[in-house]
S.K.: 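What follows is a single structure, and I will ask about it in a moment.
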Amino acid sequence: MDFIEKELKEGISAAFKVVFEHDLDVESFSLQPTRKDFEGSHTFVMFPYLRVTRKSPEESGKAIGEYLQANTQLVSGYNVVKGFLNLTIADAAWLNALQQISSNDTYGDLPSNGQKVMVEFSSPNTNKPLHLGHLRNNFLGDSVSKILKAAGNDVMKVNLVNDRGIHICKSMLAYQKFGEGETPDSSGMKGDHLIGKYYVKFDQEYKKEIEGLIHQGTDAEEAKKKAPSMLEAQQMLRKWEEGDEETVALWKLMNGWVFDGFDVSYKTMGIEFDKIYHESDTYLLGKDIIEEGLDKQVFYKKDDNSVWADLTSEKMDEKLVLRGDGTSVYITQDIGTCELKHSDFPFDKSVYVVGNEQDYHFKVLFSIMNKLGREYADGLYHLSYGMVDLPSGKMKSREGTVVDADDLMQEMFDTAEKQTRELGKIEGLSEEEANKLYRTLGLGALKYFLLKVDPKKRMLFNPQESIEFQGNTGPFIQYTHARISAIMRRAESLEIQSGFEPVGIELKERELELIHKLTEYPKTVALAAEDYSPALVAQAVYDLAKSYNGFYQDVPIFNEDDKNLVRFRINISQAVAKVIRHGMGLLGIDVPERM
RNA sequence: GGUUCCAUAGCUCAACUGGAUAGAGCAACUGCCUUCUAAGCAGUAGGUUCCAGGUUCGAGUCCUGGUGGAAUCACCA
């Protein structure tokens, strides 16, 4: 909380004590920003306290306002409309706040809270390339990690790669049959795209076989199970699990290609992990915990030897945790992996960035960890984000209705280049600088587009209407930063010293608005961390940039006789740029010095 | 069918967690580049917040019941 708000709340609390002889806990209420149509910046709502004041809302507000104005340096005026007490803060306090912000190089970073947080995201399958949905996942996970870190947590970013299983075998099988020794080098394709091609190929063949069987009179469900391709894929999975040399060699070869491809994509996205888990190493985990659960009577056995968890008391169903033949299912692995993660990094919180289609799975998982008596179970959190829809509906890899991640990023870079050229803004840039700028802008537009929406909500992406560079967009905010950079360059060339004297300055509306927004920024970071919501940061940074552009339009910076005022306005600009850079950084977006 | 989530301007999204006259961007229309970057700024128009009740001084937000949509309810992952 910034000191203006802190002092204000303490003042209000003191006012209640003196005027109404009532103890009002500072933590028990909050102030809200005053609506634009009224005088003032902070508003206190009187309605909830009328029982205490035993006066009309207007009289109560007036009494508090009067006290604050008379007894604090902070409040220079007030007005009461209905039950809303609007408070005006003295210019000196705002100027003081700006100086504090300016002198703080890590403004926006909150003090350490000693909490360890693990964030798991991305978690791709190695049988197909990344698509738009993965982009939302990756950007979200990366941004949330950065926000949590800024909010004072010790953060560990992990990626659990799903590199084994029947879906991988499908690609392998199709490659064996139709691949003819093709490699990423020979085909000129990125490894993940090459493998994806064979995954689609498998599905086509498989569908043909099903149709053939149905034509011969087999019913649909039966045909899906009996199709030769599927039987072969299952056979291959068994061979893989037995460690068959030839199968494992092919698996390693093809996975290697995919990883090379993914590395390129992650690099383009600007995303890194602290640790990578492979499901091929972890898929057998969890069985010993199932044993433990049986001993503790958290689980029970059925006649066929299969093991179950009964969650009916928590309005969920029974859940299979181990098959009758002793092999594991999805949740078995997750139970084991959860334990492994905690022993690797004893977290207070563990965040799973996974789509909301798995809501039920995680509810079950967390409930089981809880029943098993894991003290860390309360810290498990499913960051459940909504799907990205296309106008045609949901994306499906197998049906080819996906927006490919690499293609989309390239399109964004191309669009950025086109727009930059059209606006004639490449003058004076080297080829290398220009290319870097296109990437910064293109990726900024894309990340901002996906992160500005509340993660929990599903969102729509229309490929026909390309992502904008004007309005509420990444490039708009980047542009604001570039503008300020230009001002800083000019200030430097004019040898204007930084810093200003906080006296004799009468704040303009636009200046006050900017400082007010700057002071609220740390609160936004804290709230974004609490809600796991980069959207809050995006909104705040956009608001700030929007305000700055208004200021830029209305208020001259250099064309001003009072040199102290010039320095003050440069100081504001610098502080705004600092917060924009910090906020965009939390979204994983770079800001350019010129554009 | 059960469970969970969602429904706000023509479109994409906000609304500080129950506060004042519901805000931005895009699209449409008007203005503003011989002064610091027009990827900008200012303005016009656009709303029965899906419907019907309820709680409250106050409801887009909470409760109940509808309508419409999505996800999930696998010995797939």
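Per chain, numbering begins at 1; letters A, B, ... match sequence-line order. Keep in mind that what you see is a predicted model, and the values were worked out from it rather than measured.
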S.K.: When you get a sec, tell me which of B:A77, B:U37, B:A39 is the closest nucleotide to the side chain of A:Phe469?
M.R.: B:A39

S.K.: Can you tell me how far C1' in B:A38 sits from the matching atom in B:A22, rounded to whole Å?
M.R.: 30 Å

S.K.: Any N or O donor-acceptor pair linking the side chain of A:Thr420 to the base of B:A39 at under 3.5 Å?
M.R.: yes

S.K.: If only side-chain N and O atoms of A:Arg35 are considered, is one of them under 4.0 Å from the OP1 or OP2 phosphate oxygen of B:A22?
M.R.: no

S.K.: If pairs are Watson-Crick or G-U with both distances under 3.5 Å, what is the dot-bracket string of RNA chain B, marking crossing pairs with [ ] and pairs to another strand with |?
M.R.: (((((((..((((.....[...)))).(((((.......))))).....(((((..]....))))))))))))....

S.K.: Please answer whether B:G40 and A:Tyr479 are stacked, defined here as ring centres separated by less than 5.5 Å and planes angled under 30°.
M.R.: no

S.K.: How long is the line joining CG of A:Leu451 and P of B:C13, in whole Å?
M.R.: 14 Å

S.K.: Check the phosphate of B:C41 against A:Lys546, side-chain N and O only, distance under 4.0 Å to OP1 or OP2. Yes or no?
M.R.: yes

S.K.: Is the phosphate of B:U35, meaning OP1 or OP2, less than 4.0 Å from a side-chain N or O of A:Arg490?
M.R.: no

S.K.: It should be established whether A:Ser30 places a side-chain nitrogen or oxygen under 4.0 Å from OP1 or OP2 of nucleotide B:U17.
M.R.: yes

S.K.: In terms of the nearest nucleotide of RNA chain B, which residue is placed more toward the 5' end: A:Val453 or A:Arg458?
M.R.: A:Val453

S.K.: Does NZ or CZ of A:Lys452 fall inside the cone over A:Phe476's six-membered ring, less than 6.0 Å from its centre and within 45° of the axis?
M.R.: no

S.K.: Checking only heavy atoms, does the side chain of A:Asp454 share a donor-acceptor pair with the base of B:C13 at less than 3.5 Å?
M.R.: no

S.K.: Are A:Asn255 and A:Thr126 close enough that a side-chain donor and a side-chain acceptor fall under 3.5 Å?
M.R.: yes

S.K.: With respect to the phosphate group of B:A38, does any side-chain polar atom (N or O) of A:Arg483 fall under 4.0 Å of OP1 or OP2?
M.R.: yes

S.K.: Does a side-chain N or O from A:Lys517 land closer than 4.0 Å to OP1 or OP2 of B:C16, or not?
M.R.: no

S.K.: In whole angstrom, what separates A:Leu460's CG from B:C6's C1'?
M.R.: 14 Å

S.K.: Taking OP1 and OP2 of B:A42, is either one under 4.0 Å from a side-chain nitrogen or oxygen of A:Arg510?
M.R.: yes

S.K.: For A:Tyr300 and B:C75, give me the distance from atom OH to atom P, rounded to whole Å.
M.R.: 12 Å

S.K.: Working note: A:Arg458 + A:Asn356, criterion side-chain hydrogen bond (donor to acceptor under 3.5 Å, both in side chains); need CA distance, chi angles, decisive distance, verdict.
M.R.: CA-CA 9 Å; A:Arg458 55 190 303 129; A:Asn356 63 10; 6.0 Å; no

S.K.: Given B:C13, B:A77, B:U17, identify the nucleotide with an atom nearest to the side chain of A:Asn162.
M.R.: B:A77

S.K.: Checking all strands, does A:Pro124 fall into the base, sugar-phosphate, or nothing category for heavy-atom contacts under 4.0 angstrom?
M.R.: nothing

S.K.: Heavy-atom count around A:Asn559 CG within 6.0 Å, excluding the residue itself: above 12?
M.R.: no

S.K.: Has the side chain of A:Thr43 got a donor or acceptor that lies under 3.5 Å from a partner of the other kind on the base of B:A20?
M.R.: yes

S.K.: Between the side-chain atoms of A:Lys315 and the base atoms of B:U3, is any donor-acceptor pair under 3.5 Å?
M.R.: no

S.K.: Between the base of B:G19 and the ring of A:Phe47 - centre-to-centre under 5.5 Å, planes within under 30° - is that a stack?
M.R.: yes

S.K.: When you measure from the side-chain N and O atoms of A:Lys457 to the phosphate of B:C13, is any distance below 4.0 Å, counting only OP1 and OP2?
M.R.: no

